[in-house]
Peer 1: 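Structure below; questions to follow.
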Amino acid sequence: MPTETLHDWNLSPEEAIALQKRMAGRIEREDRLGPVRHIAGVDIGFEQEGEITRAAVVVVAWPGDPLAGFEVVEQVVHREPTRMPYIPGLLSFREIPAALEAFGKLVTRPELVMVDGQGIAHPRRLGVASHLGLWLDLPTIGVAKSRLCGVHDEVPEPRGEWTPLRHRGETIGAVLRTRVGVKPLFVSLGHRISLETSLDWVVKCLGRTKLPEPTRLADRLASRRGPMPRPAD
DNA sequence: GCGACAG
DNA sequence: ATCTTGTCGC
């Protein structure tokens, strides 16, 4: 019997692609967010040769000091059998079911969500951050460590510098230098937020590492790596 | 047809 | 994503 938390994610690649094309039209690319007091970071990891999917969500308080370390308000983990293989362009169908279950365990309702993956910087403009944003009806930002599609110039070295990521004649995101001498981040709006505001939040949440704190914390929790020692001031 | 391809 | 050893730099 279907329940409200059980969705039909068992789609063929063709059906999944058709669904993405339909849902992409519902993505809001302009700011529609209220006061931000909590920011959630989401990431997925795997255990046992990929048999188990592990979704992690970490909620931090805003305002906070990324260099000193944000206050972690809540963090949850959800494990379940992996549903489908990784297929470029269809990542959300592999990761979102587990992510939604993890969000269901949250007591706090974040006002902004950062997702490990692309937002609209996707062939059909519906990366995992956008897809999750629609399901949660929350503002989401896609924070990816590498490129899925699009072209861009070289990014200037200084931290905070960025260059547009373009695809088929439109700007779909930004390639952001978060650390000097380190591969840049691919930032794109997920849902209910503009690219400019997305970049603003990612930069504001930058600590000493390549990833913004919410995503870095979720990344660690998802992969079961313990806390990293923070160098003394 | 060929290469590229988030995690 | 995950696995894994050595290496570079502050």
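Letters A, B, ... mirror the listed sequences (proteins, then strands); counts begin at 1. These values consider heavy atoms only, across backbone and side chains, with no hydrogens, waters or symmetry-generated copies.
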Peer 1: What is the distance, to the nearest angstrom, from the CD1 atom on A:Ile96 to the P atom on C:dA1?
Peer 2: 17 Å

Peer 1: Rounded to the nearest angstrom, tell me the gap between atom CZ in A:Phe186 and atom P in B:dC5.
Peer 2: 10 Å

Peer 1: What is the separation between atom CZ on A:Arg179 and atom P on C:dG9, rounded to the nearest whole Å?
Peer 2: 14 Å

Peer 1: Okay, side chain of A:Lys183, backbone of A:Ser146: is any donor-acceptor separation there less than 3.5 Å?
Peer 2: no

Peer 1: With respect to the phosphate group of B:dC5, does any side-chain polar atom (N or O) of A:Arg147 fall under 4.0 Å of OP1 or OP2?
Peer 2: yes

Peer 1: Does a nitrogen or oxygen in the side chain of A:Ser92 sit under 4.0 Å from OP1 or OP2 of B:dA6?
Peer 2: no

Peer 1: A:Lys105 side chain to A:Val77 main-chain N or O, any donor-acceptor pair under 3.5 Å?
Peer 2: yes

Peer 1: May I ask you to verify if any side-chain N or O of A:Lys145 is less than 4.0 angstrom from the OP1 or OP2 atom of B:dG7?
Peer 2: yes

Peer 1: Any side-chain to backbone donor/acceptor pair from A:Gln75 onto A:Leu221? Under 3.5 Å, distance only.
Peer 2: no

Peer 1: Can you tell me how far apart NZ (A:Lys145) and CD (A:Gln118) are? Round to the nearest 0.5 Å.
Peer 2: 10.0 Å

Peer 1: Would you mind telling me which of A:Asp137, A:Thr197, A:Thr140 makes a side-chain hydrogen bond (donor to acceptor under 3.5 Å, both in side chains) with A:Arg192?
Peer 2: A:Asp137

Peer 1: So, do A:Tyr86 and B:dG7 meet the stacking rule of ring centres under 5.5 Å and planes under 30°?
Peer 2: yes

Peer 1: Ignoring the backbone of A:Ser223, work out which of B:dA6, B:dC5, C:dT2 is nearest its side chain.
Peer 2: C:dT2

Peer 1: Rounded to the nearest 0.5 Å, what's the gap from SG on A:Cys205 to CH2 on A:Trp62? Could you check?
Peer 2: 5.0 Å

Peer 1: What nucleotide among B:dA4, B:dA6, C:dT2 has an atom nearest to a side-chain atom of A:Leu148?
Peer 2: B:dA6

Peer 1: Among residues 112-132 of chain A, which residues get a heavy atom nearer than 4.0 Å to DNA chain B?
Peer 2: A:Asp116, A:Gln118, A:His122, A:Gly127, A:Val128

